[in-house]
Amino acid sequence: MSRWRERSVLEADYVTTDPDVLEAYRSDQARFGRAGQPLALARPRETREVVRILEYAHEHRIPVVPQGARTGLSGGAAAVDGAILLSLERMDRILDVDEVDHTATVQPGVVNAVLSKAVADKGLFYPPDPGSWESSTIGGNVATNAGGLCCVKYGVTSDFVRELEVVLADGRVLRTGRHTAKGVAGYDLVRLFTGSEGTLGVITEVTVALRPAAEKPLTALAFFATPVEACRTVTAYLSTGRRPSVLEFMDRATVDAVSAYRDLGFPDDVGAVLIAQSDRGPAAPDDLDAFARAARECGATEVLVASDPAEGDLLIEARRLVGVAVAQLGDQLIDDVCVPRSRLAELIDGIVAIGREHGVAVPCCGHAGDGNLHPTVVFDAADPESVRRGQAAFDAIMALGLRLGGTITGEHGVGTLKRAWLETELGEVGLSVHQAVKQAFDPRGILNPGKVIARPSC
């Protein structure tokens, strides 16, 4: 520990080497992959403290692993050996909400739900809503380019980031982007940092765009005998030109898990479920009528349309319970494949076949409206053979998504879990360009080494 302690500038209350504390911060929510043994944990409160940490780490070639709330599912916030864990959780102030220009400026540790409530109190709306929105932070959302239920209408985090303050690997502070709604001067560094998972710089301030508050949504739910009919409904409904604020899918295994966790009155023989919402105020009933027609024409066995927002909340509760319900089935490896909507049925059929081939359960749910599904491989972490079969199924799903013209991740990021598959998706030229960008921003390789792109670390 002497190397860490040789400079008094780091003798601060935001630095600890307590083994118990370090153990608590070593990992994120990813189930596969090794978390290393960190050297120390820093929890700064201001940008200047982040600068000091990175200046020191750069000079001494110490790896730095930026962390938010560690809700990530791909290993992006997991420790590497000898690293300084740089937690931004204490940088949690909302610095400004601009009611004229419809922006908010926050530190990275602000929790998504806290920001959403703060702007809602002013009649504004921050749309990105990852499933972990009640615990994940804006900085982490930006670092992974998080999505959520509302992506089908509003897009992902990168569609709302206007400006960033970023501390670079050597401690220099970069402000990039602009406060204006438009601006095309120079390279789009905001988009480059958004989704870079802490490998290019440490985000210390974020300005996001806001929308006027949406109307309370109305909700509809449709039951199907098979997933194929649900997938046909997705394409038929969206082909009408309607744009729901939510369009979610659950397969039979997921519905069974939710029903076992909490009885919501679903039929016993459901093959798939679609949940649609519209927040277009007076136009919402027409949107849901169009959804109901498309569902019935595609073979829905039953369609329920909520008469008011409160009833709709009860319907969509099923989707929000998926995470905790599926967790009861065993250890999980949550996937994040995105394919063109026209290939959804092929993806779902392929996932079922992969589960059978490898002898693992793979319940599947996700954001059907934008083709982004979350097949969850269930395995027994205490059984090496079960772990092997689970990993094999996960890899087969990755390969299937790419064969269908998709991508290995729609919103969870790459981290360590999907690093090898990223190289497959990018190709040789794409990989070399990514490595060149990494080299330009982090020549000593200290920022989150081993994450996203394989290259020698510090």
Side-chain angles (χ1 to χ4, degrees), residues 147-154 217-259 264-280 283-307 311-312 314-320 322 337-353 362-375 400-401 404-406 410:
L149 272 64
C150 290
C151 290
V152 62
K153 179 174 182 178
Y154 294 105
L218 294 183
T219 308
L221 182 148
F223 298 108
F224 301 88
T226 70
V228 171
E229 292 147 350
C231 293
R232 289 174 182 163
T233 299
V234 171
T235 55
Y237 177 43
L238 294 179
S239 294
T240 66
R242 308 277 177 167
R243 186 59 58 185
S245 53
V246 168
L247 187 55
E248 294 291 300
F249 169 84
M250 298 163 60
D251 71 357
R252 179 168 187 162
T254 304
V255 172
D256 287 347
V258 171
S259 296
L264 297 175
F266 285 4
D268 293 332
D269 57 349
V270 173
V273 169
L274 284 180
I275 304 172
Q277 281 194 334
S278 173
D279 60 3
R280 293 207 304 140
D286 288 342
D287 288 345
L288 296 189
D289 285 345
F291 169 75
R293 285 194 301 273
R296 292 187 181 107
E297 289 169 0
C298 292
T301 57
E302 185 178 2
V303 181
L304 304 175
V305 180
S307 58
E311 185 180 356
L314 294 176
L315 294 180
I316 204 167
E317 182 182 13
R319 176 63 180 90
R320 298 196 183 279
V322 166
V337 180
C338 191
V339 299
R341 287 194 300 265
S342 60
R343 311 300 295 272
L344 268 177
E346 294 171 82
L347 175 64
I348 293 167
D349 284 347
I351 290 168
V352 171
V362 192
C364 186
C365 69
H367 318 308
D370 51 22
N372 185 194
L373 296 186
H374 299 312
L400 173 64
L404 295 176

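Remember, predicted model here, so these are calculated numbers, not experimental data.
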Would you name the heavy atoms of P244 and Y237 that are closest together and state the gap between them? CG-CE2, 3.8 Å
Report all side-chain donor-acceptor pairs from residues 290-302 shorter than 3.5 Å, counting only partners two or more places apart or in another chain.
{"unit_1": "T301", "atom_1": "OG1", "unit_2": "F223", "atom_2": "O", "d": "3.2"}

Rounded to the nearest 0.5 Å, what's the gap from OG1 on T219 to CG on L314? Could you check? 9.5 Å
SG on C150 to CD on Q277, rounded to 0.5 Å: 7.5 Å
Contacts of L264 meeting side chain to side chain contact (heavy atoms under 4.5 Å, CB included) (sequence neighbours excluded), chain-then-number -> V258, R262, F266, E317, A318, L321
Quick one: salt bridge (charged side-chain N to carboxylate O under 4.0 Å, His left out) pairs with a partner in residues 220-249, sequence neighbours left out? R242-D287, E248-R319
List the residues meeting side chain to side chain donor-acceptor pair (under 3.5 Å) with R252, not counting sequence neighbours, and say none if there are none. none
Output for pair (L347 CG, S342 OG), nearest 0.5 Å, gives 11.5 Å
Just do the side-chain contact (heavy atoms from CB on, under 4.5 Å) check on I275 and L315 with the steps written out, would you? CA-CA 8 Å; I275 304 172; L315 294 180; 5.5 Å; no
Among all residues two or more places apart in sequence or in another chain, which pass the side chain to side chain donor-acceptor pair (under 3.5 Å) test with D370? none
Could you tell me whether the side chain of S278 and the main chain of L218 form a donor-acceptor pair under 3.5 Å? no
For S307, check side chain to side chain donor-acceptor pair (under 3.5 Å) against everything at least two apart and list the hits. E311
Under a 3.5 Å distance rule, please check whether R341 uses its side chain to pair with a backbone N or O of A368 as donor and acceptor. no
Nearest 0.5 Å please: distance from the CG atom of L400 over to the CD atom of E346. 8.5 Å
Among V246, D279, L288, the one residue meeting side chain to side chain contact (heavy atoms under 4.5 Å, CB included) with P217: D279
For side-chain contact (heavy atoms from CB on, under 4.5 Å), just list the numbers for I348 and F249, CA-CA rounded to whole Å, side-chain angles, deciding distance to a tenth of an Å, and then say yes or no. CA-CA 11 Å; I348 293 167; F249 169 84; 3.5 Å; yes
Which atom names give the shortest non-hydrogen contact between V322 and C365, and what distance separates them? CG1-SG, 3.6 Å
If you compare all heavy atoms of G312 against all heavy atoms of A306, which two are closest, and at what distance to 0.1 Å? N-CB, 3.5 Å
Residues P375 and V362: closest non-hydrogen pair is CB-CG1, 3.7 Å
Hey, does the side chain of N372 reach the backbone of V339 with a donor-acceptor pair shorter than 3.5 angstrom? no
Test of understanding: with ring-ring contact (aromatic ring centres under 6.0 Å, His included), list the residues that count as partners of H374, not counting sequence neighbours. H367, H412
Atom of I351, atom of C364 and distance for their closest heavy-atom approach: CD1-SG, 4.1 Å
May I ask you to check whether S259 and D256 show a side-chain donor-acceptor distance below 3.5 Å? no
Can you give me the closest heavy-atom contact between G405 and P340, atom names plus distance? O-CD, 3.6 Å
